[in-house]
Amino acid sequence: MNALPADPLAPQLPAEQQRLAARMAQDAFVALFRLGMDESTQTTAGALADVESRCRNWCAAATGESGPALRTALMVSALDQWGVAYAQAFALAAMPALSALLGSLRGALDATDDARFQQYYEILDSDEGAAMDFKIDVRRNIHLALWHASVACAGDDEADPVIAALGSQLVATAGQMPELGWRLVADALAGIQIRLLSEPGSEAAGERTRRLFEALRGHLPEETWRTILAHSTRAVLDWQQARRQAH
């Protein structure tokens, strides 16, 4: 297992700020997703304005002339990933509140910052190591959210599409990031196993997790799957050891 490459964006946005961007994007998306189920237009408009304000203020508060554009690129990237993931898992044709927020974030940039935004967005897409702490947290949060959603489903008929979407996204992550994608998948699987161990649930939770692992083993190259499984298992064992020592 090779060491992670240097993150070209870390000097401008340290790891903790990258993780904060991931958390803020998650909070914003969860709020927007709930708004989509609210039939009150007045409530929805006010809540959307609050989410927009918090996201835009955080992006604008960055230091340095290119800081706001970089923060906006991360925020838009994360929100877009959440939207795609949930659209696949829950067969959503559109999320108007999310589209409005994405447009608001881009619209807040002037021409110079928008050009910088596009450059940073391209770096995030083309350089696997760029904002790696951000990428790990975004994917971990999305994958755990979908896993929890599958576990919460009343029956397999509801759970199966969510599990299928989650598996598809994990396989796509490994394929789209040939060098580092397996690390994101391993991290997600370790997180799922840790949640399953720390929050014992129903028999269905264990069975649905087993089906997810079986599907991944069948769709990932054998060597890649072995590497992912070894890495995630080591992370779970380390967690268990730390837990025993704490008690």
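Taking CE from M132 and CG from L184, the interatomic distance works out to 5.5 Å, rounded to the nearest 0.5 Å. Here the CG atom belonging to L170 is positioned 8.5 Å from the CD1 atom belonging to I228, to the nearest 0.5 angstrom. Distance check, rounded to the nearest 0.5 Å: SG of C153 to CD1 of I163 gives 8.0 Å. For the atom pair L109 CG and C59 SG, the distance stands at 8.0 Å (nearest 0.5 Å). Between H219 atom NE2 and S168 atom OG the span is 8.5 Å, to the nearest 0.5 Å. Taken from CD in E207 to CG in L212, the straight-line distance is 11.5 Å, to the nearest 0.5 Å.
Of all heavy-atom pairs between N141 and A22, the closest is ND2-O, 4.2 Å. The two residues A28 and C55 have their closest heavy-atom pair at CB-SG, 3.7 Å. Considering all non-hydrogen atoms of both residues, E52 and A100 come closest at OE2-O, 3.8 Å. Nearest heavy atom pair, residue L216 against residue G167, reads CD2-O, 3.7 Å. When all heavy atoms of A89 and L146 are compared, the closest pair comes out as CB-CD2, 3.8 Å. Considering every non-hydrogen atom in both E179 and E128, the closest pair reads N-OE1, 3.1 Å.
Taking the charged nitrogens against the carboxylate oxygens, R226 and E223 have no contact shorter than 4.0 Å, which rules out a salt bridge. A salt bridge is absent between R208 and E203: the closest approach of a Lys/Arg side-chain nitrogen to an acidic carboxylate oxygen does not fall below 4.0 angstrom. Using a 4.0 Å cut-off between charged side-chain N and carboxylate O, E65 and R116 make a salt bridge. Taking 4.0 Å as the cut-off between side-chain N and carboxylate O, D50 and R54 count as a salt-bridged pair. Under 4.0 Å is where a charged nitrogen must lie from a carboxylate oxygen, and between R211 and D160 at least one such pair does.
Within the 4.5 Å cutoff, side-chain heavy atoms of D127 are placed close to those of P8. Residues W182 and T173 fail the side-chain proximity criterion, which asks for heavy atoms closer than 4.5 Å. Using a 4.5 Å cut-off on side-chain heavy atoms (C-beta onward), E122 and F117 make no contact. No side-chain heavy atom of E222 sits under 4.5 Å from any side-chain heavy atom of R217. Two residues are said to be in side-chain contact when any heavy atoms from C-beta on lie closer than 4.5 Å; R71 and Q12 fail this criterion. Looking at L98 and D80, their side chains never come closer than 4.5 Å, going by heavy atoms from C-beta outward. Side-chain contact check for L101 versus L105: some heavy-atom pair is nearer than 4.5 Å. Counting only heavy atoms from C-beta outward, the side chains of L124 and L9 approach each other to under 4.5 Å.
Remark: the backbone N or O of A85 is paired with a side-chain donor or acceptor of Q169 at under 3.5 angstrom. The backbone N or O of D113 lies less than 3.5 Å from a partner atom in the side chain of D110, making a donor-acceptor pair. Listed for the T233 side chain is a donor-acceptor partner under 3.5 Å among the backbone atoms of L229.
Of the candidates D137, I136, V138, V138 is the only one forming a side-chain contact (heavy atoms from CB on, under 4.5 Å) with F134.
Hydrophobic clustering of Ile, Leu, Val, Met, Phe, Trp and Tyr side chains at less than 4.5 Å, counting indirect connections, unites F29 with L92. Residues I194 and L197 are members of one and the same hydrophobic cluster, defined by side-chain heavy-atom contacts under 4.5 angstrom among Ile, Leu, Val, Met, Phe, Trp and Tyr. No chain of hydrophobic side-chain contacts below 4.5 Å, direct or via other Ile, Leu, Val, Met, Phe, Trp or Tyr residues, connects M75 to V84.
Counting only N and O atoms by type, the side chains of T72 and Y120 include no donor and acceptor under 3.5 Å apart. For the residue pair S77 and Q81, a side-chain donor N or O sits within less than 3.5 Å of a side-chain acceptor on the partner.
For D157, the CG atom is loosely surrounded, since the number of other residues' heavy atoms within 6.0 Å does not exceed 12.
Geometrically, R195 does not engage W147 in a cation-pi contact defined by less than 6.0 Å to the ring centre and at most 45° from the axis.
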Let's go through D238 and R234 carefully: what are the C-alpha distance in whole Å and the side-chain angles of both, what is the deciding distance for salt bridge (charged side-chain N to carboxylate O under 4.0 Å, His left out) to 0.1 Å, and is it a yes or a no? CA-CA 6 Å; D238 289 344; R234 172 45 44 191; 3.0 Å; yes
Residues D187, R139; criterion salt bridge (charged side-chain N to carboxylate O under 4.0 Å, His left out); working and verdict: CA-CA 9 Å; D187 178 87; R139 297 314 304 180; over 6 Å; no
Check the pair F33, M95 against side-chain contact (heavy atoms from CB on, under 4.5 Å), reporting the backbone distance first and the verdict last. CA-CA 8 Å; F33 188 70; M95 290 188 64; 4.1 Å; yes
Show your working on side chain to side chain donor-acceptor pair (under 3.5 Å) between Q18 and D7 and close with a plain yes or no. CA-CA 11 Å; Q18 293 183 24; D7 178 356; 2.9 Å; yes
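Using cut-offs of 30° and 60° for the angle between ring planes, the Y86 and F90 rings count as tilted.
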